[in-house]
Amino acid sequence: FIPALIGKPAKCENELESTSKEISKAIDQMIQTTLNSLEKDCQSIAALAQDKLEKDREDRAFNMKARFRGLFFFSLASLFPLMLLLRLFTPDSNQQAKTGDKGLFNLLVDFVAALLGMVPENYQVGFLVFQGSLCLLFFLLGRYMSRTRSTLSKRSRQSLDGIRDYVEDVCKKKKASEERF
């Protein structure tokens, strides 16, 4: 005997259909959660790459300024000893005056001679020691002021740029296209 189900309601409902709907909702929710976390991760990766690149730019600007400060102090440290050497290895300015040659070189030599001439003979050794210590101080200041920070290599900068661009352009676009489904 086969009962006729026509017109009679079924005593048990189809549980497979409701279970598959629940599973589908759970899967959709997991996909959305994963996509949201992917978006947050992409934003944090792009921000980290941008921060590293910005810090590298700041470090490069600092290094350029530090090199110029160091160059300035090194040139100050070497100026007076070079002038003294010029004075020692050039002929007397009286011989130069007779020939009428007054170039920049001779003006520097005359300046050093006038500077040393203003110091009494009793104090010339002390003056030279003072100038030597001043040159040493300028040299140490130049060493201190020319310290640089480490920067990224060209390859590292390009890699970070590529990572940032890939995350912003490719990953976020894929996430947006996945949300449509």
Atom [atom1] in [X], atom [atom2] in [Y]: separation rounded to 0.5 Å?
X    : Y    : atom1 : atom2 : result
L79  : Q131 : CG    : CD    : 9.5 Å
I163 : I45  : CD1   : CD1   : 8.5 Å
D161 : S156 : CG    : OG    : 11.5 Å
S159 : Y166 : OG    : OH    : 13.5 Å
L48  : Q50  : CG    : CD    : 11.0 Å
S78  : L85  : OG    : CG    : 10.5 Å

Identify the heavy atoms of [X] and [Y] that sit nearest to each other, and give their distance.
X    : Y    : value
V167 : A46  : CG1-CB, 4.3 Å
L53  : R164 : CD1-NH1, 3.3 Å
K52  : L152 : O-CD1, 4.2 Å
R147 : A66  : O-CB, 3.4 Å

[X] bridged to [Y] by N-O distance under 4.0 Å:
X   : Y   : answer
K25 : D28 : no
D59 : K55 : yes
D56 : R60 : yes

Same cluster or not: [X] versus [Y], using hydrophobic residues (I, L, V, M, F, W, Y) connected whenever any side-chain heavy atoms lie under 4.5 Å apart?
X    : Y    : answer
L134 : L128 : no
L140 : F72  : no
F127 : M118 : yes
L76  : M83  : no
Y144 : F73  : yes

Can you check whether [Y]'s main-chain N or O pairs, donor with acceptor, with [X]'s side chain at less than 3.5 Å?
X    : Y    : answer
S146 : G142 : yes
S75  : L71  : yes
N63  : T148 : no

Do [X] and [Y] have side chains that get closer than 4.5 Å, going by heavy atoms?
X    : Y   : answer
T34  : L38 : no
N36  : Q32 : yes
C135 : P81 : yes

Can you confirm whether more than 12 heavy atoms, excluding those of [X], are under 6.0 Å from its [atom1] atom?
X    : atom1 : value
R143 : CZ    : no
F130 : CZ    : no
E54  : CD    : yes

Item to complete: Measure from the ring center of F139 to the ring center of F74 and say whether it is less than 6.0 Å.
Response: yes

Fill in: Axial cation check for F62 ring with R69, 6.0 Å and 45° limits
yes

